[in-house]
Amino acid sequence: QVQLVESGGGLVQAGGSLTLSCAASGRTFSLYSMGWFRQAPGKEREFVATISANGRITAYADSVKGRFTISRDGAKNTVYLQMNSLKPEETAVYYCARSNRAGVPMTATLYDYWGQGTQVTVSS
């Protein structure tokens with residue numbers, strides 16, 4: 001059973017930065033693509049960023065390109081999401097997920113394990 005535990009959420013002012021972390025259990029972390037999604041109240045879950053199993057390929061939602069950076073550390077079984085220049089409309093619960101597909105999947109249905117989420121609140 002894979003467990004994903006997010007941390008690093010909190011309250012930040014508009015224009016500020018946060019770094020989210022997602023710690024994964026198990027020995028096969030480096031074999032899977034990992035992704036971040038977010039869900040605001042009353043809205044559907046949306047793709048934010050993804051990184052390939054070997055960490056060499058990343059993909060981002062257009063809305064976060066140039067401001068967010070996804071990375072992973074195989075030694076720590078952890079994936080990160082560095083978020084800069086945050087906007088109030090990016091207030092949401094942010095979820096980490098593991099995909100059983102190669103490459104950089106950007107669709108939630110391609111992910112089979114999810115964390116419990118961490119709240120990010122951006123004040124104006």
Side-chain angles (χ1 to χ4, degrees):
Q1 184 74 10
V2 174
Q3 289 189 326
L4 303 174
V5 180
E6 301 98 334
S7 61
L11 175 64
V12 63
Q13 289 188 334
S17 299
L18 279 176
T19 298
L20 305 182
S21 300
C22 172
S25 65
R27 303 178 184 178
T28 59
F29 174 76
S30 61
L31 299 180
Y32 296 94
S33 302
M34 300 293 294
W36 286 96
F37 290 76
R38 63 189 179 191
Q39 187 167 18
K43 296 188 176 181
E44 293 187 353
R45 190 169 298 189
E46 66 172 353
F47 166 75
V48 176
T50 181
I51 187 167
S52 62
N54 61 14
R56 295 175 183 173
I57 305 171
T58 59
Y60 297 90
D62 288 344
S63 61
V64 307
K65 282 181 181 176
R67 298 186 297 117
F68 289 15
T69 302
I70 188 171
S71 61
R72 64 192 298 162
D73 184 336
K76 296 183 178 180
N77 275 18
T78 300
V79 61
Y80 303 95
L81 184 68
Q82 171 69 43
M83 305 185 294
N84 298 325
S85 302
L86 282 160
K87 305 174 182 179
E89 55 265 37
E90 294 181 310
T91 293
V93 177
Y94 283 70
Y95 296 91
C96 167
R98 191 198 81 170
S99 177
N100 56 12
R101 302 294 183 94
V104 284
M106 294 184 278
T107 305
T109 55
L110 299 180
Y111 288 77
D112 52 0
Y113 287 97
W114 293 80
Q116 82 289 348
T118 185
Q119 176 70 46
V120 172
T121 302
V122 185
S123 63
S124 57

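Taking a 6.0 Å sphere around CD of E46, one finds it holds more than 12 heavy atoms contributed by other residues, nucleotides or ligands.
Rounding to the nearest 0.5 angstrom, the gap separating the SG atom in C96 from the CE atom in M34 is 3.5 Å. Between atom CD1 of residue I70 and atom OG of residue S52 there is a gap of 9.5 Å, rounded to the nearest 0.5 Å. Atom OG1 of T107 and atom CZ of R101 lie 9.5 Å apart (nearest 0.5 Å). Atom OG1 in T91 sits 8.5 Å away from atom CD in E89 (nearest 0.5 Å).
Nearest heavy atom pair, residue L110 against residue S99, reads O-OG, 2.7 Å. For S63 against E90, the heavy-atom pair with the smallest separation is O-OE2, 4.4 Å. Minimum heavy-atom separation, S21 to T78: CB-CG2, 4.2 Å. Across all non-hydrogen atoms, the minimal contact from V120 to L18 is CG1-CD1, 3.9 Å. Of all the heavy atoms in E6 and W36, the pair that sits closest is CG-CZ3, 3.9 Å. Nearest heavy-atom pair, L20 versus T118, reported as atom, atom and distance to 0.1 Å: CD2-CG2, 4.0 Å.
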**Prompt:** For R27 and N77, what are the C-alpha separation, side-chain angles and deciding distance, and is it a side chain to side chain contact (heavy atoms under 4.5 Å, CB included)?
**Reply:** CA-CA 8 Å; R27 303 178 184 178; N77 275 18; over 6 Å; no
**Item:** Pair S33-I51, side chain to side chain contact (heavy atoms under 4.5 Å, CB included): steps then yes or no
**Value:** CA-CA 6 Å; S33 302; I51 187 167; over 6 Å; no
**Message:** Would S17 and Q82 count as a side chain to side chain contact (heavy atoms under 4.5 Å, CB included) here? Give the steps.
**Reply:** CA-CA 8 Å; S17 299; Q82 171 69 43; 3.9 Å; yes
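In summary, of the residues considered (T69, N84, V48), a side-chain contact (heavy atoms from CB on, under 4.5 Å) with V64 occurs for V48 alone.
Residues V79 and L4 share a single hydrophobic cluster, defined by chaining ILVMFWY side chains whose heavy atoms lie under 4.5 Å apart. In this structure, F47 is not a member of the same hydrophobic cluster as M83, with clusters built from ILVMFWY side-chain heavy atoms closer than 4.5 Å. Residue Y95 is not grouped with residue L81 when hydrophobic side chains (ILVMFWY) are merged at heavy-atom distances under 4.5 angstrom, including chains of intermediate members.
When side chains are defined from C-beta on, K87 does not count as touching V122, because their heavy atoms never get closer than 4.5 Å. The closest side-chain heavy-atom distance from W114 to R45 is below 4.5 Å.
No side-chain donor from either of S123 and Q13 sits under 3.5 Å from a side-chain acceptor of the other.
With a 6.0 Å cutoff to the six-membered ring centre and a 45° limit on the axis angle, R72 counts as a cation-pi contact of F29. Taking the ring centre of Y113 as origin, the terminal cationic atom of R98 falls outside the region bounded by 6.0 Å and 45° from the ring axis.
A distance below 6.0 Å separates the ring centres of Y111 and F37.
Between R38 and E44 there is no salt bridge, since no side-chain nitrogen of the basic residue lies less than 4.0 Å from a carboxylate oxygen of the acidic one.
Between F68 and Y94, the ring-plane angle classifies as tilted under the 30° and 60° cut-offs.
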